[in-house]
Amino acid sequence: MAMEASEIARLIKEALPDAEVKIEDLRGDGDHYAAQVVSAAFAGKTRVQQHQMVYEALRGRMGDQLHALALQTSAPKAG
């Protein structure tokens with residue numbers, strides 16, 4: 001079962017309300033996405049911790065409804 005990009009963004013924003021989320025469907029199949037997520041919640045966290053936060057937001061859908069998600073995460077730039 002495929003997942004819509006809007007559903008991925010909604011789940012991430014529910015867990016990280018301040019997040020700026022950009023989703024790209026890499027193959028047009030609803031199974032392979034790239035996501036860029038910027039959130040203040042990532043400040044001071046390692047890349048692995050940031051990615052874990054996003055995976056937690058997806059509530060177990062990785063590997064089931066969502067086959068692949070290439071993640072880029074960061075805290076907002078100061079300035």
For [X], all residues meeting side chain to side chain contact (heavy atoms under 4.5 Å, CB included), sequence neighbours excluded:
{"X": "Thr46", "value": "Val48, Gln49"}
{"X": "Ala43", "value": "Ala75"}
{"X": "Gln36", "value": "Lys22, Gln72"}

So with a 6.0 Å cut-off around NE2 of His67, is the heavy-atom count from everything else above 12?
no
Side-chain touch [X]/[Y], heavy atoms, less than 4.5 angstrom:
{"X": "Val21", "Y": "Leu16", "result": "no"}
{"X": "Val54", "Y": "Phe42", "result": "yes"}
{"X": "Glu24", "Y": "Leu26", "result": "yes"}
{"X": "Leu11", "Y": "Arg61", "result": "yes"}

Shared hydrophobic cluster for Met53 and Ile23 (ILVMFWY, side-chain gaps under 4.5 Å):
yes
When rounded to the nearest 0.5 angstrom, what is the spacing between [atom1] in [X] and [atom2] in [Y]?
{"X": "Asp29", "Y": "Asp31", "atom1": "CG", "atom2": "CG", "result": "4.5 Å"}
{"X": "Glu7", "Y": "Leu58", "atom1": "CD", "atom2": "CG", "result": "9.5 Å"}
{"X": "Leu69", "Y": "Tyr55", "atom1": "CG", "atom2": "OH", "result": "5.5 Å"}

Closest approach of Val37 and Ala19, non-hydrogen atoms and distance?
CG1-CB, 4.0 Å
Please find the pair of heavy atoms, one from Met3 and one from Leu66, that lie closest to each other, and give the distance.
SD-CB, 4.0 Å
Do the side chain of Asp25 and the main chain of Tyr33 share a donor and acceptor less than 3.5 angstrom apart?
no
Under the 3.5 angstrom rule, does the side chain of Glu14 hit a backbone N or O of Ala57 as a donor-acceptor pair?
no
With the threshold set at 4.0 Å, does a side-chain nitrogen-carboxylate oxygen contact exist between Glu20 and Lys13?
no
